[in-house]
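As the structure is a prediction and not an experimental result, all values here were calculated from the model.
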Amino acid sequence: MANPKSRKRKKRIIFAAIVAVVGALALMAVFRKKSVVYSVQEDKVARRNLTEIVTASGKIQPVLQVKISPEVSGEIINLPVKEGDLVKKGDLLVTIRPDNYIAARDSSFANYRYALANSNTAAANLEKAQIDYDRNYALFKGKLISDSDYLTAKTTLDVAKASLAGATEQVGMAYASLQSSESDLSKTKIFSPLDGKISQLNSQLGERVVGTAMMAGTEIMTVADLNRMEARVDIGEVDVVLIAVGQKVHLEVDAFKDQKFEGVVTDIANSAKNNDTSTTGASSSSSSPQDATKFQVKIRILEHEIFLPGMSVSADIETRSRTNVLTVPIQCVTMRPPKPGATTNNLETNSTIVMNTDPHGVTSNSPATNVASVSVTSTNAVDAKKAAEALKPVQVIFVVEGDHVKAESVQTGIEDDNYVEVVSGLKEGDQVVSGGSKVINRELQDGSKVMLGAAKSDAPEPK
């Protein structure tokens with residue numbers, strides 16, 4: 001039988017444990033009732049002028065440049081220019097040894113003269129055959145010669161005509177060969193196709209070069225017009241649809257510190273650039289998806305400066321502008337899941353939607369993933385799609401109302417480096433939360449209590 005003192009001791013221990021549990025639960029309830037107060041910074045919804053900027057980088061290149069490659073092969077025997085020389089259109093740039101091409105031209109000329117002589121002989125034979133045929137025809141009509149003699153004369157005439165036709169074709173072929181030989185000989189001298197500068201010289205005197213007749217030839221030099229330069233920058237597929245010919249551009253060239261240049265968009269590529277390892281210096285397997293969706297945009301530089309091909313440049317392209325529109329600082333805008341029941345009224349009755357949210361409204365440390373966990377069940381695929389669309393995260397700005405904030409769904413427009421346009425959801429003069437970023441993106445919820453901190457001093461004044 002159990003000792004009475006032992007039973008009393010157990011009862012006291014159990015009672016003390018129950019009291020401790022109840023006390024802990026009470027303390028938890030008290031702490032839960034206490035509201036968290038967030039320290040935030042505020043700003044006003046104000047009217048400003050916005051200009052949307054697309055930034056890109058690239059290289060400076062001449063608007064017009066020509067890579068000089070020979071059309072015939074041989075040894076360079078004359079190279080009167082050097083890299084950096086200014087040349088005029090028609091100036092001699094390079095001479096390739098012409099000996100073989102002179103011999104080929106002379107041989108073609110001899111063949112042409114021989115074919116011409118054969119043609120003259122054939123013409124004389126035809127004339128003689130024609131005379132013999134006319135005489136034999138007259139005798140045949142007078143029945144003074146036999147049928148076989150007449151047919152022999154007629155056949156001889158036909159053969160003479162065919163021989164003249166063949167000889168004439170030979171003359172044409174020989175003449176074409178002569179023209180080709182003379183053309184090859186003329187290509188042993190290369191002249192400048194434009195006024196410009198020798199921006200690159202790759203070959204030297206005495207070097208043998210390969211012509212472009214059957215394959216890619218030797219690139220001897222590059223002649224460029226450095227008076228007209230352009231920036232060639234790469235734009236991603238998301239931004240290239242905003243670019244248009246004629247848009248203004250602000251340029252910064254690394255070689256010219258503290259200087260800015262003006263430009264204008266002149267050309268937009270119609271297809272994405274290829275990942276060419278010869279130009280990028282990296283294998284295609286290591287390229288990111290964005291590298292495969294870059295479009296080249298050409299920007300004419302309006303100022304004249306001593307730009308050199310290949311200089312690095314960054315460009316700020318003005319795409320869209322808005323005047324006197326409602327704006328807030330960019331950091332004010334964040335993403336939140338839609339309010340429960342606010343976006344499901346238009347869904348069909350045969351769609352079932354279950355929203356599983358954290359009791360405190362925060363499901364992730366990342367603002368991009370701070371959304372509700374949604375399960376959509378529907379007998380209609382269209383309804384299910386509508387349900388999923390309705391439950392996408394929405395853009396939210398927190399409006400300060402006394403000691404708490406209200407989450408307002410907004411629609412935004414264009415933005416610049418500091419501000420974003422508010423198309424709908426707010427009115428001018430509203431006080432909005434503008435900092436700090438961690439509180440806005442992760443912690444604040446509709447109805448959260450706030451304490452206003454020091455106003456931001458680095459924000460530009462409204463225009």
Side-chain angles (χ1 to χ4, degrees), residues 49-67 193-194 196-197 199-200 219 222-323 325 330 412-421:
N49 298 333
L50 292 184
T51 299
E52 190 174 57
I53 301 293
V54 172
T55 301
S57 60
K59 300 292 184 182
I60 289 180
Q61 297 292 346
V63 174
L64 180 61
Q65 67 175 0
V66 179
K67 295 180 178 180
L194 72 157
K197 178 182 284 189
S199 61
Q200 189 174 13
E219 186 179 311
T222 301
V223 181
D225 180 4
L226 301 185
N227 292 320
R228 294 185 299 162
M229 305 295 284
E230 65 183 10
R232 299 177 186 176
V233 299
D234 295 334
I235 304 292
E237 61 180 335
V238 175
D239 294 326
V240 74
V241 295
L242 304 175
I243 309 299
V245 173
Q247 289 175 338
K248 293 182 179 179
V249 186
H250 304 286
L251 300 164
E252 292 185 6
V253 182
D254 292 353
F256 296 87
K257 301 296 184 183
D258 302 324
Q259 291 190 48
K260 290 191 175 182
F261 305 94
E262 300 300 316
V264 60
V265 176
T266 56
D267 184 70
I268 304 167
N270 293 315
S271 59
K273 293 181 65 178
N274 294 325
N275 274 328
D276 187 355
T277 57
S278 64
T279 58
T280 61
S283 63
S284 59
S285 61
S286 63
S287 301
S288 63
Q290 291 81 0
D291 293 334
T293 53
K294 295 287 186 179
F295 293 78
Q296 187 179 83
V297 173
K298 295 181 180 179
I299 302 165
R300 178 71 61 83
I301 303 176
L302 301 180
E303 285 89 355
H304 291 285
E305 190 54 83
I306 308 176
F307 298 115
L308 296 178
M311 284 183 172
S312 298
V313 62
S314 61
D316 292 332
I317 306 173
E318 297 182 1
T319 55
R320 296 177 293 182
S321 297
R322 298 285 188 273
T323 303
V325 293
I330 292 177
T412 59
I414 70 170
E415 62 184 52
D416 60 13
D417 292 339
N418 300 307
Y419 295 98
V420 61
E421 176 189 8

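- Scored by the side chain to side chain contact (heavy atoms under 4.5 Å, CB included) test, Arg320 finds Glu52, Leu242, Arg322, Ile414 as partners (sequence neighbours excluded).
- Minimum heavy-atom separation, Pro62 to Leu226: CG-CD2, 3.9 Å.
- The two residues Ala231 and Leu251 make their nearest non-hydrogen contact at CB-CD2, 4.3 Å.
- Thr412 meets the side-chain hydrogen bond (donor to acceptor under 3.5 Å, both in side chains) test with Gln395; sequence neighbours excluded.
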(request) May I have the step-by-step check of side chain to side chain contact (heavy atoms under 4.5 Å, CB included) for Thr51 and Asp416, ending in yes or no? (result) CA-CA 6 Å; Thr51 299; Asp416 60 13; 5.8 Å; no
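- Considering all non-hydrogen atoms of both residues, Ala56 and Ile235 come closest at CB-CD1, 3.2 Å.
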Scan the side chains in residues 310-318 for donor-acceptor partners under 3.5 Å anywhere in the protein, sequence neighbours excluded, and list what turns up.
residue: Ser312; atom: OG; partner: Lys59; partner atom: NZ; Å: 3.0
residue: Asp316; atom: OD1; partner: Thr55; partner atom: OG1; Å: 2.9
residue: Glu318; atom: OE2; partner: His250; partner atom: NE2; Å: 2.7

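- Here Asp225 pairs with Arg228 under the salt bridge (Lys or Arg N to Asp or Glu O under 4.0 Å) rule; sequence neighbours left out.
- Taking CG of Asn418 as the start and CG of Leu50 as the end, the distance is 9.5 Å to the nearest 0.5 Å.
- For the pair Gln259/Val253, no side-chain contact is recorded, criterion being any heavy-atom separation below 4.5 Å from C-beta on.
- Applying the salt bridge (Lys or Arg N to Asp or Glu O under 4.0 Å) rule to pairs touching residues 240-259 yields Glu252-Lys260, sequence neighbours excluded.
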N/O donor to acceptor pairs below 3.5 angstrom from side-chain atoms of residues 296-309, sequence neighbours left out:
residue: Glu303; atom: OE1; partner: Glu262; partner atom: N; Å: 2.8
residue: Glu303; atom: OE2; partner: Glu262; partner atom: N; Å: 3.3
residue: His304; atom: ND1; partner: Asn227; partner atom: O; Å: 3.3

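- Here the closest non-hydrogen pair linking Gln65 and Ala224 is CB-CB, 3.7 Å.
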